[in-house]
Number of protein chains: 2
Amino acid sequence: MRRVNLDSMASSRNSRLYAGMAAEERQAERRLRLIQAAIEVYGEVGYRNATVKAVCEAAELTERYFYESFANSEALLIAAYMHVCDTLHADMAAAADACAGDPEARMTAALTLYFTRLREHPRPARVFLLEISGISPAVDAVKLTVSRTFSEILVPPPDIAPHADRGQNLLSTGMVGAVISIALRWVSKGYPQPVEEIVAATAAFCRVALSGHSHRGKV
Amino acid sequence: MRRVNLDSMASSRNSRLYAGMAAEERQAERRLRLIQAAIEVYGEVGYRNATVKAVCEAAELTERYFYESFANSEALLIAAYMHVCDTLHADMAAAADACAGDPEARMTAALTLYFTRLREHPRPARVFLLEISGISPAVDAVKLTVSRTFSEILVPPPDIAPHADRGQNLLSTGMVGAVISIALRWVSKGYPQPVEEIVAATAAFCRVALSGHSHRGKV
DNA sequence: CCTATCTGACAATCTTCCTTGTCAATATCT
DNA sequence: AGATATTGACAAGGAAGATTGTCAGATAGG
């Protein structure tokens, strides 16, 4: 009849401790291991050539634990994608917000951090620039959300956001597309140019979106 | 012993006429049917969900004829992609060259034709904007060639091309990325804006690459 | 020490699709 | 009309991988 230990800490509810961790913690750790393994494997062979088995082996876990945390391969892809983007965007936002008030400096700071990271971590970069396209509607939806965040870090919308910013969305889309394309080329060619040059080229496209905010009387 | 008809035309070499066509013609027609069917099917369900069987059924041919013309699915994808792009680019180039001498008008003419076509033919558009990414190195290589052509139609490089146009390639890449991204969004949202608005937005990004040609003293 | 839980290895099943092969029906040429 | 190339329908073979199931060994709690 449920002899629950009331004396111990609340976190170890009704689960046995293994390796000093509660069931939830162990599962969370496995999940994270799978995500990190996925980033490695996807970076090596690409998402569509990566098998569940290969990811599990890289994570040193068995398939059983794959299905414990993810419904299917696609779910892992989305989780891995968001994992990468979330941390990247958080850092970009921090770098950008340090330059509050100066849109040009903000852009440059965020872009510099972005491309520096891409060069430091080629595998995640490869995957999440190249392989993320056209997998499925669910993935595309995630990608859309992510690129919106990306765009708002680079060029934050005016505080008093106009109800329908139709033209602005087009410019944001184009800006993100330009940055991603340049990044993709840079990565796949093995980083031939220095970061500064890439930042300068992408900044030129970001300025298009930036100046779009001011030309608002026309619509 | 090879009783070849020397009196008939040279094209009907050693093949029996079927439906009034020589073997080569019949095969070429089947190949074309497969390509057109592929565009339809890919547009409906996407390349990676399209089976060989489905394409063959759409073409009203059997699998046997698939392997007659293509080594595998990927070969058909590439052929279909190039089929679409070749005709599109030819028309864009014609529209652009009609405005020779005026870079701005040239850009606008080519973009207008591009987006008009996209709206007229949603299925090919969907496939060849969205699904073409990250299939394989071979497909990526084709894509690279195509986007180079695309970029040169929009913003032709100076006649006396400088030996190493490093920065220019980055700008071209970004420009194409911006245009494609905007096109993709436009198509997938069901063409909410009029063509003129899309052309105006994309032209803003093309001008970045255009003006890149003149800023050449810096490097 | 003993029991119940947890883990890891691995096999079995199942599905899906590619690819090749067979065979009868059809169309053309002589 | 007869011989042969050509076509279309369809099935058999085969490969790859996802997903589930089994089972023995390891580990923590009592």
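Note: hydrogens, waters and symmetry copies are ignored here, and every other heavy atom, side chains too, is used. Every chain is numbered from 1 and lettered A, B, ... according to where its sequence line falls, protein lines coming before strand lines.
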Open item on the list: For a quick check of understanding: with a heavy-atom distance under 4.0 Å over all strands, which category does A:A23 fall into, base, sugar-phosphate or nothing?
Closed with: nothing

- [ ] Give A:T62 one of three labels, base, sugar-phosphate or nothing, depending on what nucleic acid heavy atoms sit under 4.0 Å from its own.
- [x] base

Open item on the list: Rounded to whole Å, please give me the gap between CZ in B:R64 and P in C:dC18.
Closed with: 18 Å

TODO: For A:F66, answer base if it contacts any base atom (sugar-phosphate contacts may also be present), sugar-phosphate if it contacts only those atoms, and nothing otherwise; contact means non-hydrogen atoms under 4.0 Å.
DONE: nothing

Task: Rounded interatomic separation in angstrom, taking CD from B:E60 and P from D:dT7 - done: 15 Å

Task: B:N169 CG to B:R148 CZ distance, which is reported to the nearest 0.5 Å - done: 5.5 Å

- [ ] Could you tell me the separation between the CZ atom of A:R30 and the C1' atom of C:dT7, rounded to a whole number of Å?
- [x] 8 Å

Open item on the list: Under 4.0 Å between a side-chain nitrogen and a carboxylate oxygen: does that hold for B:R123 and B:E44?
Closed with: yes

Task: Of A:E63 and B:A71, the one whose closest DNA chain C nucleotide lies more 5' - done: A:E63

Task: Nearest-Å distance for atom pair CG/P, residues A:L61 and C:dC10 - done: 15 Å

Task: Rounded distance (Å) that lies between atom C1' of D:dT22 and atom OH of A:Y67 - done: 17 Å

Task: Nucleotide C:dC6, atom C1' - distance to CG of A:L17 in whole Å - done: 13 Å

- [ ] Return yes when atom CZ of B:R126 has more than 12 non-hydrogen atoms of other residues, nucleotides or ligands closer than 6.0 Å, and no otherwise.
- [x] no

TODO: Grab the OH-P distance between B:Y47 and C:dC17 for me, whole Å please.
DONE: 13 Å

Task: Spacing of A:N72 atom CG relative to C:dT16 atom P, expressed in whole Å - done: 15 Å

Task: Residue whose nearest DNA chain C nucleotide is more 5′ - B:K53 or B:Y18 - done: B:K53

Open item on the list: Looking at A:E68 and A:R64, is there a salt bridge between them, counting it only when a charged N and a carboxylate O are closer than 4.0 Å?
Closed with: no

